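Shown next, in structure tokens, is the structure this report addresses.
Everything quoted here is computed from the prediction, not taken from an experiment.
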Amino acid sequence: MDPLPVATDPLFIHIRIVLGIVLGLALTTLLKGLAKFVQHPGRDRVYGVHLAWALAMLILLVHFWWWEFGLVRVHPWTFTSYAFLILYVIVLFVLCTVLFPDDLAEYAGWRDYFQSRRPWFFGIMAALYLIDFVDTLIKGRPYFHHFGIEYPIRNVLLITLCLIATRVRAEGFHRAFVAFAIVYELSWIYRLYDYMQ
């Protein structure tokens, strides 16, 4: 196995810094939101589906940060590739801020808040998977095809489930969807990204 190239390309370093700043803000937002449950355990009732989506977002953020190291191989960098990566991390940040608002004064609790923001959250998440799909295509056919047929099926399935989730309030659906999303993402990470090659 060939060693990774040395990350001395100034453009790559710049891109990693910008991505790291936005990812750091997303992670901070998520962790501060989760810390509220410890700081004020009796203030607002915890909603399991909301908490599970926060865990799913944490997994997505950590996975992206790990995957980002592989960008050292991207040559040459184009503004289009850069713009899609920035857009992707901005969408991750927005999802984290939708999960954890500054206050819940207008809502009866986390369940009420999550259900009221459900169309926004899942609409933005559907956009995230669409952006990921386009970004993967921009990186070239060999890169796109190395994921196999599972990748387009995965993204279409997740986009479809997100669009359904914007319309469906059923508790059972949302529990099943978040459980599937977490298990599948962990499986995807383990199978494709456990070791940087």
Side-chain angles (χ1 to χ4, degrees), residues 15-16 18-34 49-71 74 78-101 113-139 143-144 146-168 173-193:
I15 289 167
R16 285 212 52 192
V18 173
L19 293 176
I21 289 168
V22 180
L23 280 172
L25 290 170
L27 193 57
T28 300
T29 300
L30 194 63
L31 294 176
K32 281 183 69 175
L34 290 169
V49 171
H50 170 262
L51 201 56
W53 277 113
L55 174 62
M57 287 306 303
L58 180 62
I59 293 166
L60 281 173
L61 291 171
V62 171
H63 174 211
F64 185 85
W65 221 317
W66 174 252
W67 169 86
E68 179 189 12
F69 186 72
L71 294 175
V74 175
T78 64
F79 183 78
T80 306
S81 298
Y82 172 70
F84 266 90
L85 280 171
I86 294 297
L87 180 60
Y88 190 85
V89 295
I90 288 170
V91 171
L92 286 172
F93 171 74
V94 170
L95 283 167
C96 291
T97 60
V98 170
L99 274 176
F100 290 104
Y113 171 76
F114 185 78
Q115 287 294 337
S116 74
R117 295 291 149 234
R118 178 178 37 80
W120 279 101
F121 180 74
F122 290 110
I124 295 167
M125 186 170 275
L128 179 76
Y129 289 113
L130 184 61
I131 292 164
D132 180 63
F133 196 77
V134 173
D135 178 61
T136 303
L137 282 171
I138 287 171
K139 289 184 176 80
Y143 181 76
F144 183 85
H146 99 274
F147 290 110
I149 190 68
E150 181 182 2
Y151 177 72
I153 292 171
R154 165 194 181 261
N155 278 31
V156 168
L157 176 64
L158 289 167
I159 289 168
T160 302
L161 288 170
C162 285
L163 294 176
I164 292 169
T166 65
R167 313 274 306 175
V168 173
F173 171 82
H174 286 281
R175 286 182 184 157
F177 182 20
V178 72
F180 168 77
I182 290 170
V183 169
Y184 188 85
E185 186 66 20
L186 289 172
S187 163
W188 182 256
I189 293 166
Y190 179 74
R191 290 180 292 121
L192 274 74
Y193 299 101

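Checked against the 6.0 Å centroid threshold, His174 and Phe122 count as a close aromatic pair. Two rings, from Phe133 and Phe144, have their centers less than 6.0 Å apart.
Side-chain atoms of Ile15 and Leu19, non-hydrogen and from C-beta on, do get closer than 4.5 Å to each other. At a threshold of 4.5 Å between non-hydrogen side-chain atoms, the residues Val22 and Tyr88 do not count as touching. Counting only heavy atoms from C-beta outward, the side chains of Pro152 and Phe147 never approach each other to under 4.5 Å. Contact annotation: the side chain of Ile189 approaches that of Ile59 to within less than 4.5 Å [non-hydrogen atoms, C-beta and beyond]. Considering only heavy atoms from C-beta on, Phe64 stays 4.5 Å or farther from Asp132 through its side chain. Looking only at side-chain heavy atoms (C-beta outward), Tyr184 and Leu157 stay at 4.5 Å or farther from each other. In this structure, the side chains of Asn155 and Leu130 stay at 4.5 Å or more apart for every pair of heavy atoms. The closest side-chain heavy-atom distance from Leu60 to Met57 is below 4.5 Å.
Applying side chain to side chain contact (heavy atoms under 4.5 Å, CB included) to Ile131 and the options Thr136, Ile90, Leu87 leaves one that passes, Leu87.
Taking every heavy atom of both residues into account, Asp135 and Ser81 meet most closely at OD1-O, 4.2 Å. Nearest heavy atom pair, residue Cys96 against residue Leu61, reads SG-CD1, 3.8 Å. Looking at every heavy atom in both residues, Trp65 comes nearest to Gly24 through CH2-N, 3.7 Å. Of all non-hydrogen atoms in Tyr113 and Leu99, the two that sit nearest each other are CE2-O, 3.9 Å. Shortest non-hydrogen contact noted between Phe173 and Leu161 is CZ-O, 3.8 Å.
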Report the C-alpha separation of Leu34 and Leu51 in whole Å, then their side-chain angles, then the decisive distance to 0.1 Å, and conclude whether the side chain to side chain contact (heavy atoms under 4.5 Å, CB included) test is met. CA-CA 8 Å; Leu34 290 169; Leu51 201 56; 3.6 Å; yes
Would you please test His50 and Trp53 for side chain to side chain contact (heavy atoms under 4.5 Å, CB included) and show each step? CA-CA 5 Å; His50 170 262; Trp53 277 113; 6.0 Å; no
From CA spacing to verdict: side chain to side chain contact (heavy atoms under 4.5 Å, CB included), Phe93, Thr28: CA-CA 10 Å; Phe93 171 74; Thr28 300; over 6 Å; no
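In this structure, OG in Ser187 is found 7.0 Å from CD in Glu150, a value given to the nearest 0.5 Å. Taking CG from Leu92 and CE from Met125, the interatomic distance works out to 8.5 Å, rounded to the nearest 0.5 Å.
Ring pair Tyr143/His146 is tilted by interplanar angle, where 30° to 60° counts as tilted.
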